[in-house]
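Lettering of chains follows the sequences in order, A, B, ..., and the numbering in each one begins at 1.
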2 protein chains.
Amino acid sequence: MDSSINLRVMSANRSGSSSQNLKECYCCGMSESLDRQRMACWRAYIESSQRLFTQLEDDLRADSELTFADYHVLVLLSEAPGQRLRMGELASRLVFSPSRLTYQITTMQKRGLVAREACPVDRRGSEAVLTAAGLLALREAAPHHLRSVRTHLMDDLDDTEVACLTRVFERLGRRLRADRDASATPSE
Amino acid sequence: MDSSINLRVMSANRSGSSSQNLKECYCCGMSESLDRQRMACWRAYIESSQRLFTQLEDDLRADSELTFADYHVLVLLSEAPGQRLRMGELASRLVFSPSRLTYQITTMQKRGLVAREACPVDRRGSEAVLTAAGLLALREAAPHHLRSVRTHLMDDLDDTEVACLTRVFERLGRRLRADRDASATPSE
DNA sequence: ACGAGTCCATTCGGATTTGAACAGCCGGCC
DNA sequence: GGCCGGCTGTTCAAATCCGAATGGACTCGT
């Protein structure tokens, strides 16, 4: 199973304390920065998350014509009042750069999943509107995608773990949003 | 096809909590798939992780010439025996596609951070080797990057939370690796 | 009213990423 | 030996993404 990984780590350790020190110094250890537990946690989090995201992307592509980004856009629009959202709002929730969002919406528009409309209250702005085709695509993709999320992640978590993750990541999200807002408005 | 019917049905679908039902049906809830707690957990995890990754990327760019991918490559090479790794091994650990890794190593090679050498035991393969400049770059970037990880994430977690995250994500990583191996070798 | 400063979204050029082919090499099997 | 299927890494074109620059539109103070 994962024995090759373990063996590799073992042999790396065996080759002498120097590589262990190297490991401690330049990548993960650095006792003043991150203790051993936190470093292991960080590494597991990064690798697993990366793997999970690519897996979900693959699953989604396998049984729909949507990317994860497409799906996410459709979800946010479907929840919004009037099934429409301003570009900025959408970009902020998706954690997309403005230009990326423009591109994303343009491609979805070409496929008929969303429409672009001028914002009535601010002539600079525009808003993305969910189309019937977009809603249909979301409806068809949702069960498969949710099943993916369950089988790859959620089914394996007990209620305690879910509570812990929720607490940690909601706190993290709040802090990161606050940091971003603060750096955007340094006058405060 | 009459797509407006769908929308009409949707908006008529309120018996007390229309937008809540909408939310439940098409994006996240779907009680048979994910209960409310798990959906909130999933959403917080996705958004916060995205935000965290972009934040770390920005920080890294701000005080070094490295990308997160660059940094990760350097870390893995610095830990490997002989400061060298086969392309496939590196790609697997980074969760990179083969072509992405080729490009990544090529750019790092142009900047002198790594070298590419022919693999002695398999003439098809090649391996990436850490250079002195690469090690130096890692040494300079590491403190800043680790500080980023601490301030944005780890300082906010108590030991219980760290333990929980570690347990969850190590388990997840094992499962996803196993899934991938299984789908690559369906004969077993 | 009017101008400076700012905000919103897009555009543009260049960098990165992907997926499908590809060339070369391995291992086993006749 | 010599061929065949599979592995390893690269290449290529197309799709995606980013950051800086842009154009038009708000908001304020005067």
How far does CG of B:L157 sit from CZ of A:R38, to the nearest 0.5 angstrom?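 Interatomic distance, B:L157 CG to A:R38 CZ, rounded to 0.5 Å: 6.5 Å.
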
Atom OG of B:S78 and atom CG of B:L138: how far apart are they, to the nearest 0.5 Å?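 B:S78 atom OG to B:L138 atom CG measures 5.0 Å (nearest 0.5 Å).
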
What's the verdict on side-chain hydrogen bond (donor to acceptor under 3.5 Å, both in side chains) for A:T166 and B:Y45, showing C-alpha distance, side-chain angles and the deciding distance? CA-CA 7 Å; A:T166 305; B:Y45 166 54; over 6 Å; no

List for me each residue that meets ring pair (Phe, Tyr, Trp, His ring centres under 6.0 Å) alongside B:H145, sequence neighbours excluded, and say none if there are none.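 Once residues adjacent in sequence are excluded, the partners of B:H145 under the ring pair (Phe, Tyr, Trp, His ring centres under 6.0 Å) criterion are B:F68, B:Y71.
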
Where along residues 54-65 of chain B does a heavy atom fall under 4.0 Å from DNA chain D?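 The stretch gives none, as no residue of it lies under 4.0 Å from the strand.
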
Is there a donor in the side chain of A:R175 and an acceptor in the side chain of B:S48, or the other way round, less than 3.5 Å apart?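 There is no such pair between these side chains.
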
Under 4.0 Å from a heavy atom of chain B: give me the 5'-most and 3'-most nucleotides of DNA chain C that qualify.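 That gives a stretch of C:dA15 to C:dC26.
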
Stacked cation flag A:R100 on A:Y103, 6.0 angstrom / 45 deg: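 Because its charged atom misses either the 6.0 Å distance or the 45° angle limit, A:R100 does not stack over A:Y103.
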
Partners meeting side chain to side chain donor-acceptor pair (under 3.5 Å) with B:R86 (sequence neighbours left out):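 B:R86 satisfies side chain to side chain donor-acceptor pair (under 3.5 Å) with no residue once adjacent residues are dropped.
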
Holding to side chain to side chain donor-acceptor pair (under 3.5 Å), I want the full list of residues that pass it with A:R61, two or more places apart in sequence or in another chain.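 Partners of A:R61 under the side chain to side chain donor-acceptor pair (under 3.5 Å) test: none.
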
Expressed as a whole number of angstroms, how long is the span from A:Q104:CD to D:dT16:P?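 Taking atom P of D:dT16 as the reference, CD of A:Q104 is at 8 Å.
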
Between A:R171 and B:E161, does the salt bridge (Lys or Arg N to Asp or Glu O under 4.0 Å) criterion hold? Intermediate values first, please. CA-CA 12 Å; A:R171 204 169 59 209; B:E161 291 166 338; 2.9 Å; yes

How does protein contact run along nucleotides 9-15 of chain D, one letter per nucleotide 5' to 3', with B for base contact, S for sugar-phosphate only, - for none, heavy atoms under 4.0 Å? SBB---S

So does A:E117 have more than 12 non-hydrogen atoms from other groups sitting under 6.0 Å from CD?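 Above 12, so yes.
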
